K.L.:
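Questions regarding the structure given below will be posed in turn.
Note that ligands are numbered from 1 as they come in the structure, with each ligand's atoms numbered from 1 the same way. If you're wondering where the values come from, they're calculated on a predicted model, not measured in any experiment.
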Amino acid sequence: MDPAQANPRTARDDWWRTAAVYQVYVRSFADSDGDGIGDLQGIRSRLPYLRDLGVDALWLTPFYRSPMVDGGYDVADYREVDPMFGDLTDFDEMITDAHGLGLRIIVDIVPNHTSDVHPWFVAALAAAPGSAERDRYMFRDGRGEHGEEPPNDWESIFGGPAWTRLPDGQWYLHLFDPAQPDLNWRHPEVRAEFEQILRFWLDRGVDGFRIDVAHGMIKADGLPDIGWTSATTGRRQIELLGKGRLPYFDQDEVHDIYRAWRPILDSYPGGRMAVAEAWAETPQRLARYIGPDELHQAFNFDFLDATWSADSFHKVIDTALAEAAIVGAPTTWVLSNHDKQRHVTRYGDGEVGLRRARAAALLMFALPGSTYLYQGEELGLPEVLDLPDHLRQDPAFGRTGHSRDGCRVPLPWSGEDPPYGFGPAGSVESWLPAPAGWAPLTAQAQDGDPDSTLELYRRALAIRAEHPALRDAPAGDGTGLTWLEAGPGVLAFRRGDDGGTDTDGGAAGGADGGAHALICVVNLSGAPVPVDGYGVPLITSAPLDGPPRGRLLPVDAAAWFRPA
Ligand code: GLC
């Protein structure tokens, strides 16, 4: 069925501008066949849950054939479903049902590197140095008298050198794991192949792509050294990811690739889009990825990286709005994903972390643009910090001691004990074990409980979808937010009267009496703040204190108001 009939919000071609997109980490979402691993039929069976949650689209992390060295970001066949997740028929059934419910589907595309078992790399290893087969990847001779030194000083994002040497003496580049060789994007066959892969999935009905390491495909001519010392390289490399100019990130030529991809997306009907996982030094450079001849969106990771303080959020929101103004399109907001510690834990863990995470959700959902949720945040899941080392699968763990497994633990759906309904009755233990003590966090336990995080998300997303101040893409430059003066440590802004100014700092503003406006207030000040001046509360992340008049927004809480 056409999404238009099920969900008018996702029927528009520019649905992505305001969409609430739910990231499904396929391996950990829902298991249909009891093998302890999430799969496509598992997603299909939970689509009604996602529709009821109120999201508009799903982004599926890679489910392609893969040896799973990096959780599927090491693709062996870009046109096949890995048997652990199902097959193409399962995919077709899943996307048909999703569209029937008005849910759009975004898939991940991994163009910077393949798996080392991809047929191209297998052929490259079998061929001689200098061969056409090797030219699709980044093979080089080493330095030193016998070529025993790597071709340059680049380090892998996962730690250690970015080069691995073969028995025949040549080296190949891998910005990530050695099992993820980097492709040579100056090779016409590589470009042609990925254009065909895009078409393959567009033909199957996908609505968009999340582009993995979208700023990484082109490497600077001559592969110059970075020039770091052995004492700082590695550590600084990771810290600098996205923040400094590196010869393998954000090279100007990468934009040629997207200028070739955009006409392909535009040649399909129905609003196909692409969102970049790209890091750039400045908002201006990030903005270059976005526009009518390149991509639709880029993730705004500064919001995710902001610390729990009003100044920090204020600054990153302003920066993002400035970027939106440059490109004339609203930005994206994200608090968690499969690479980052869950925000409940980042914000302090336990009760404090959860309180703040609930407030952060109201903050995020009130901002102009689209919003990306990571599975399980609607349940208030914390990071699982105490996974036994031998179960951790992140390839970065062995090299850096840092692992991303704790945010990838399978979702708790129901019941009292692990794996909490992740699979059908009688399933084996999930691939990463869910901790004891998650029974109160299951979707079943939270369903219908007005104080639960799940119900907070459902209510907030429903208001976001219906309220005139939040539901439409802001006009003009894509910003559409007016800050209100609210005292130290308090964020307060008004939406819904684009171009309206509030120079006197009063909360009411606007000439329409506020029927179409909405005010969001977040209290990061450490003390309760009076909120009577803002209007009628629509939703709060924690109950307001005090009598009906003289109401106070508690510490680490957020609320939305309809201005009087
Ligand atoms: C992206 C993915 C991450 C993966 C890496 C290499 O950053 O989000 O999970 O490890 O790319 O593909």
K.L.:
Side chains of D74 and T114: does their closest heavy-atom pair fall under 4.5 Å?
P.N.:
no
K.L.:
Which atom pairs, one a donor and one an acceptor, fall under 3.5 Å between side chains of residues 192-199 and the rest of the protein, sequence neighbours left out?
P.N.:
{"from": "E193", "atom 1": "OE1", "to": "R79", "atom 2": "NH2", "distance (Å)": "3.4"}
{"from": "E193", "atom 1": "OE2", "to": "R79", "atom 2": "NH1", "distance (Å)": "2.9"}

K.L.:
Any idea which residues sit under 4.0 Å from ligand 1, heavy-atom distances?
P.N.:
D70, Y73, H113, F158, F176, Q180, R210, D212, V213, E277, H338, D339, R404, R408
K.L.:
Measure up the Y258 and Y289 rings against each other and bin them: parallel (under 30°), tilted (30 to 60°), perpendicular (over 60°).
P.N.:
tilted
K.L.:
Holding to side chain to side chain donor-acceptor pair (under 3.5 Å), I want the full list of residues that pass it with S32, two or more places apart in sequence or in another chain.
P.N.:
D39
K.L.:
Determine which pairs satisfy ring-ring contact (aromatic ring centres under 6.0 Å, His included) with at least one residue from residues 362-387, sequence neighbours left out, and list them in order.
P.N.:
F299-Y372, F365-Y457
K.L.:
Is the H113 ring parallel, tilted or perpendicular to the F176 ring (thresholds 30°, 60°)?
P.N.:
tilted
